[in-house]
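Computed from a prediction, not measured in an experiment: that's the story for all the values here. These numbers come from the heavy atoms of this one structure, side chains and all, not from hydrogens, waters or symmetry mates. Along the sequence shown, residues are numbered consecutively beginning with 1.
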Amino acid sequence: MRHPADVLFAGEKPFPVLAAVDHYAGSEKLMRKALALQHEMGPVFDLTCDCEDGARTGAEAEHAEMVAEIVACADNRYGHVGARIHDVTHPHWQRDLEILITRAGSRLAFVTLPKVRGAADTRHQIETLRRLEATARTGREIPVHVLVETHGALREAWDIAALPGVESLDFGLMDFVSGHHGAIPGAAMKSPGQFTHPLVVRAKVEIAAAALANGVVPSHNVTTELKDLELIRHDAERARRQFGYLRMWSIHPNQIVPIIEAMRPDFSEVEEASGILAAAQEGGWGPIQHRGKLHDRASYRYYWELLQRAHSTGMVLPDEGMRRFFS
C-alpha cells in the first residue's frame, strides 16, 4: 500500500506536522521535568530549551552547554527537543549556535530565532546555522522557528515565512505589546484583550496568513493563566478556531493538556477522514463517492493532514489501515 504522503504530495513540499504544544523551559530542573512528562505522555508536545531568557548574564556559554547536553541525552527519547538562542543583537547568539550544533546538532529538533527585525536578520542567522552544520557535518538542515515580535518582523512576515528552512512563525505577544510604548494597554497581553485589541488582532491574522500561505506552521503566543484550565483551553480554542493557529506555546505543565485538547480535531471529523482515505486507498486515489459526496485528491490532502494533526495530539485513529501509516 502506497503511503498517502507519496501519492498526495509527489514533487511538493508537504506541510509540516508539528506537535500542538511548544513547551518552554529555562532551567535544567524544568527541562528535565518536561522530559519526564514527555515520557509519560508521549511525543505530543515539543520542548524548547531557552537560552535567551534562561541564561544568567555572563553564564551564556555554560547555559548553552547544559542545553546541548539535554538535547543529546538519552532521556530525549523522541527527538522533540529544540532550543531558542539569543537574539541577533546579542553578542552571544553565534556562540549559542556553535555550542548547540557542535555538541547536539544531530539531535536538535529545531532552532528558534527571537526578536528578528526583518527578513535580513533571519536570513543572516539561517546562513550562519547552515555554515555551522556543514562544519560539524551533521548531515541535515535543522528546521528554523522564527519569533515575530517586532514591528519590522511583522512588516516582513511574508518574506520571513518564505525563507528556506523556516518551519514555524511564532507570535511573541509580550514583546510586541511592549514595543508599542504604551499605545497598546497591558490588558492586551492577556485574555480577552489579546483577542480583541485591533492592533494585536491585526498582528495575529497577518502572521497566521503569512505562515499558512508559505507552508509554515503558525504558532500562537502563551496564555498568562496558569491555574484555570478552562480559561487556558478557551484561549487555545480561540487561537485555533478564530485565528487559524495550529500550535501554541506553554510555559507551565498545567497548560499542556488543555492546549492539546483544544487543538485536537473533533473525533467525528477524524472518523470521516479515516473512512474517506480508506476508500480512496482502495480506489487507487482516484475520485470516489463517500456517503453521497464526491471526493478527489484535493479533499484527500485535507483529510490526510487532519489525520496527521490528530495523531500528533495522541489521538488513536479509528481505522487500522490508517494507523499503519503512523507506526
Side-chain angles (χ1 to χ4, degrees), residues 16-86 90 92-114 125 128-145 147 165 167-168 170 219 222 247-257 259-260 311-314 326-327:
V17 178
L18 301 178
V21 177
D22 185 4
H23 181 68
Y24 267 69
S27 69
E28 181 176 6
K29 177 183 176 181
L30 294 178
M31 292 172 197
R32 294 197 179 277
K33 278 190 172 182
L35 280 178
L37 189 58
Q38 259 190 359
H39 297 171
E40 295 176 19
M41 298 180 63
V44 294
F45 69 90
D46 287 340
L47 167 60
T48 297
C49 299
D50 193 3
C51 291
E52 185 192 26
D53 289 341
R56 291 182 292 106
T57 302
E60 291 88 353
E62 292 85 346
H63 191 85
E65 289 165 0
M66 179 271 293
V67 168
E69 181 182 336
I70 294 283
V71 174
C73 75
D75 285 340
N76 179 13
R77 299 180 185 179
Y78 304 112
H80 277 241
V81 182
R84 177 167 71 172
I85 64 170
H86 285 85
H90 194 283
H92 205 269
W93 75 265
Q94 294 190 60
R95 184 62 182 139
D96 281 345
L97 281 180
E98 289 170 2
I99 293 169
L100 291 168
I101 303 310
T102 300
R103 301 192 180 198
S106 63
R107 305 277 336 269
L108 196 61
F110 53 85
V111 171
T112 299
L113 310 179
Q125 290 190 294
T128 302
L129 172 62
R130 299 296 175 241
R131 186 171 64 252
L132 290 169
E133 289 167 346
T135 301
R137 298 181 179 179
T138 61
R140 60 188 288 257
E141 291 189 347
I142 299 168
V144 173
H145 298 184
L147 259 163
E167 183 179 60
S168 174
D170 304 2
S219 185
V222 299
R247 178 173 164 95
M248 182 168 166
W249 287 20
S250 73
I251 52 173
H252 191 282
N254 286 347
Q255 297 177 331
I256 294 174
V257 170
I259 295 172
I260 290 174
H311 179 262
S312 73
T313 63
F326 295 97
S327 59

List the atom of [X], the atom of [Y], and the distance in Å for their closest heavy-atom pair.
{"X": "Ala109", "Y": "Gly79", "value": "CB-O, 3.4 Å"}
{"X": "Ile256", "Y": "Val21", "value": "O-CG2, 3.7 Å"}
{"X": "Leu37", "Y": "Pro253", "value": "CD2-CB, 4.2 Å"}
{"X": "Ala68", "Y": "Arg103", "value": "CB-CB, 3.8 Å"}
{"X": "Arg32", "Y": "Cys73", "value": "NH1-SG, 4.3 Å"}
{"X": "Val17", "Y": "Ser312", "value": "CG1-CB, 4.2 Å"}

Could you walk me through whether Thr112 and Glu52 pass side-chain contact (heavy atoms from CB on, under 4.5 Å), step by step? CA-CA 10 Å; Thr112 299; Glu52 185 192 26; over 6 Å; no

Got a sec, which residues hit side-chain hydrogen bond (donor to acceptor under 3.5 Å, both in side chains) with [X], two or more places apart in sequence or on another chain?
{"X": "His311", "value": "none"}
{"X": "Gln255", "value": "none"}
{"X": "Arg131", "value": "none"}

Counting C-beta onward and ignoring hydrogens, is there a side-chain heavy-atom pair between [X] and [Y] closer than 4.5 Å?
{"X": "Ile101", "Y": "Ile142", "result": "yes"}
{"X": "Ile260", "Y": "Met41", "result": "yes"}
{"X": "Asn76", "Y": "Leu47", "result": "no"}
{"X": "Met31", "Y": "Val67", "result": "yes"}
{"X": "Arg247", "Y": "Asp46", "result": "yes"}

Atom [atom1] of [X] and atom [atom2] of [Y]: how far apart are they, to the nearest 0.5 Å?
{"X": "Leu132", "Y": "Asp96", "atom1": "CG", "atom2": "CG", "result": "11.0 Å"}
{"X": "Met66", "Y": "Ser27", "atom1": "CE", "atom2": "OG", "result": "7.0 Å"}
{"X": "Leu30", "Y": "His252", "atom1": "CG", "atom2": "NE2", "result": "9.0 Å"}
{"X": "Leu97", "Y": "Arg130", "atom1": "CG", "atom2": "CZ", "result": "10.5 Å"}
{"X": "Trp93", "Y": "Glu98", "atom1": "CH2", "atom2": "CD", "result": "9.0 Å"}
{"X": "His39", "Y": "Arg77", "atom1": "NE2", "atom2": "CZ", "result": "4.0 Å"}

Before you tell me yes or no, could you show the steps for Val44 and Thr313 under side-chain contact (heavy atoms from CB on, under 4.5 Å), namely the whole-Å CA-CA distance, both residues' side-chain angles and the distance that decides it to 0.1 Å? CA-CA 5 Å; Val44 294; Thr313 63; 5.7 Å; no

Using the rule side chain to side chain contact (heavy atoms under 4.5 Å, CB included), only one of His90, Arg84, His145, His86 pairs with Pro114; which is it?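 Considering His90, Arg84, His145, His86, a side chain to side chain contact (heavy atoms under 4.5 Å, CB included) with Pro114 is found only for Arg84.
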
Please identify which of these residues, Leu100, Ile99, Ile70, meets the side chain to side chain contact (heavy atoms under 4.5 Å, CB included) condition with Glu65.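 Result for side chain to side chain contact (heavy atoms under 4.5 Å, CB included) with Glu65: Ile99.
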
Report the C-alpha separation of Phe45 and Ile259 in whole Å, then their side-chain angles, then the decisive distance to 0.1 Å, and conclude whether the side-chain contact (heavy atoms from CB on, under 4.5 Å) test is met. CA-CA 10 Å; Phe45 69 90; Ile259 295 172; over 6 Å; no

Just checking Arg140: does its CZ atom have more than 12 heavy atoms from other residues, nucleotides or ligands closer to it than 6.0 angstrom?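 Yes.
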
Evaluate Glu60 against Arg95 for side-chain contact (heavy atoms from CB on, under 4.5 Å), listing each step before the verdict. CA-CA 9 Å; Glu60 291 88 353; Arg95 184 62 182 139; over 6 Å; no

